[in-house]
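Here is the structure we will look at.
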There are 2 protein chains.
Amino acid sequence: MKLTIYDVAEKAGVSISTVSKVMNNQPIGKKTKQKVLKVAKELNYKPSVLASALTGKRTSTIGFLLPDISNSVIAEMARAVEDRAVEYGFNLVICSTDFKSEKEERYVSLLRQKRVDGFILAAGFRNKEVVSELLKESVPVVLLSEYHPHLSINTVTVDNFMGGYELAVHLISLGHRRIAVIAEDNSSSQERIRGYRNALQDHNLEAHEDLIVISDSSVEHAQRLAGDLLDSLHPPTAIIACNDILAVGALLGAREKNIKIPEELSITGFDNTLLSKSSDPPLTTVEIPIRSMCSLAVDLLVEEIEKRNERKQAVLMLPKLIRRESTGICPMKDRNE
Amino acid sequence: MKLTIYDVAEKAGVSISTVSKVMNNQPIGKKTKQKVLKVAKELNYKPSVLASALTGKRTSTIGFLLPDISNSVIAEMARAVEDRAVEYGFNLVICSTDFKSEKEERYVSLLRQKRVDGFILAAGFRNKEVVSELLKESVPVVLLSEYHPHLSINTVTVDNFMGGYELAVHLISLGHRRIAVIAEDNSSSQERIRGYRNALQDHNLEAHEDLIVISDSSVEHAQRLAGDLLDSLHPPTAIIACNDILAVGALLGAREKNIKIPEELSITGFDNTLLSKSSDPPLTTVEIPIRSMCSLAVDLLVEEIEKRNERKQAVLMLPKLIRRESTGICPMKDRNE
DNA sequence: GTGAAAGCGCTAACAA
DNA sequence: TTGTTAGCGCTTTCAC
């Protein structure tokens, strides 16, 4: 049978409460402490987290809800969150929600039954009611790469607006006037589009609504949409894809039509993933400070768990434009518009 | 305060054991059952998994140890494992071990303190002693994409030997004689190399040890190694990279030297990830049946947890060669050797 | 400084 | 059919 605090107590000739105190570093006579520690080591005794949590202590596990762990950007976030969490002694239970409100609700409920110490809700958590509920019952939560306005909650996001803006300005400065956008249907993309629109406006350019298209998250779909865009009567000279996967799709779509990148068409990605470095040509993209964001998210959560946080905060991190070879000056013939 | 079985019992006017029985679907009078269920719903009562686990029931969580969740192949496996686990009502706690024996040991110990119901040890779990220990104490474990010979343990792997063999045969049939290998330092790569060697042997070709190089898992390192290989006096006409990431490195290394793929050099990957489809040219690679493997691993684990498994098994799944444009016939001038 | 005992929320004999 | 009660392994007063 698994060995318990009783076994240690007996073998050390003390009471279980003494053992408990030793294991929790509470004041205890030096000699007793040594003895207990020795016995514990001999027996290879490990306290049960379950039993301890049942008396009100932590489970030392965090619920990490994300849309899809197989997505590479998300996976990278997961690793960053995990690393930081481990530093604090926490483990992660990971749940892929596929942007489904029901799944979000189910997982949160389930993990609460398992008494996780807190939640990190990442990248597109939809179910606002669940968040409010958590807040109301003062369960520690932080929103990561997702912003829910009008909610008093710790939040760490990247300035997607800025990212979209910078990308658009970069292209405009290269002479592009007809800039298309391939976006996903989520709030990050929305913000990126908003940045793009603002950049156009600041340069007195008109936004062409037909140049903004929504894709699902597959390469194939983006490829098709890019193809359509390029086949249109008045095709764009540049395409901003709202992430690197979509950008690869655009790249493939252009290659299919023998359009040269960047001579005839500029393409940009977003996220600065491995894809953007390995593609041909390498993609101009936007780097997101994933590790810092994730570390901070964990920091905020742990503060909240330890109930020593002064106040809630919403942190907006700045992205950074990475210029590579997929963008170039606009072909002369398309310069006038 | 959190509400408990006592609250439900009181409000429903029954004893806690009655409530317990209802919640666990044990035989109980229909009317009482209805009443209890109704009250439970009203109160939104959710039994504590902790307390229940403490009395000997499951925690319904599985420990999933893997080298690095940010690796895209691993992340895909994680998703597949998660999906299947959820079907059975289990959650996953994920731990990245970076192939470090100490981390493996620490995490296993920690998760056992948390009383996970079982472990899935994936892709390169090194610490054999930990595995033996687990086995000895009959903790449910399954090895995924990792094979420990001489251990009576449920295992699901892919036939890496076969993958390496097929890749080599494919290249040999294209006329290649000097085929290099860029591998990682792990057992999968070892097997793939073994397959490669066997193929050479079966075709009466000599293996050149200097053509087999070991890389870490970064694109950059593989790129450098490929460069060195190509700069050598007698460069290879084909490179088998032991995964798609390394293959992208090789691609980049060749591009750097203006070597045309596949006209002057053939390159193959392994794993059939998104990278292999999006690269230029798309990579000939080997597809691994990840989802089936992961589903099966979970099935085996759950069987073991439910103690209704007939016997342990080691399942070897077959990989599949995917031909794309990165491999071509060997240049004439290099045909003789 | 150390121990006895109550209790965390639940399950499972065993009684009634 | 339902309730009583003794744990599960630990923490935490409160005495000693």
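Residue numbering restarts at 1 for every chain, and letters A, B, ... go by the order of the sequence lines.
- At the heavy-atom level, B:Gly56 lies nowhere under 4.0 Å from the strands shown.
- Residue-level contact check: A:Ser52 touches the backbone only, with heavy atoms under 4.0 Å from sugar-phosphate atoms and none from bases.
- Ionic pairing of A:Glu76 and A:Arg79 is not present here: no N-O contact between side-chain nitrogen and carboxylate oxygen is shorter than 4.0 angstrom.
- Among the heavy atoms of the strands lying under 4.0 Å from A:Ile16 is at least one base atom, whether or not backbone atoms are also near.
- Both B:Leu54 and B:Thr32 lie near DNA chain D, and the one whose nearest nucleotide falls closer to the 5' end is B:Thr32.
- Side chains of B:Thr59 and B:Asp117: a donor-acceptor N/O pair is present below 3.5 angstrom, by distance only.
- Within 4.0 Å of A:Val19, counting heavy atoms only, lies no atom of the nucleic acid at all.
- Side-chain N/O atoms of A:Ser17 and base N/O atoms of C:dG3 include a donor-acceptor pair closer than 3.5 Å.
- Residue-to-nucleotide proximity on DNA chain C shows that, of B:Lys46 and A:Lys30, the 5′-proximal contact is made by A:Lys30.
- Contact annotation for B:Lys21: base contact, defined as any heavy-atom pair under 4.0 Å involving a base atom.
- Salt bridge B:Glu102/B:Arg126: absent, no basic N to carboxylate O contact under 4.0 Å.
- Across all strands shown, A:Gln26 has heavy atoms under 4.0 Å from sugar-phosphate atoms exclusively, and none from any base.
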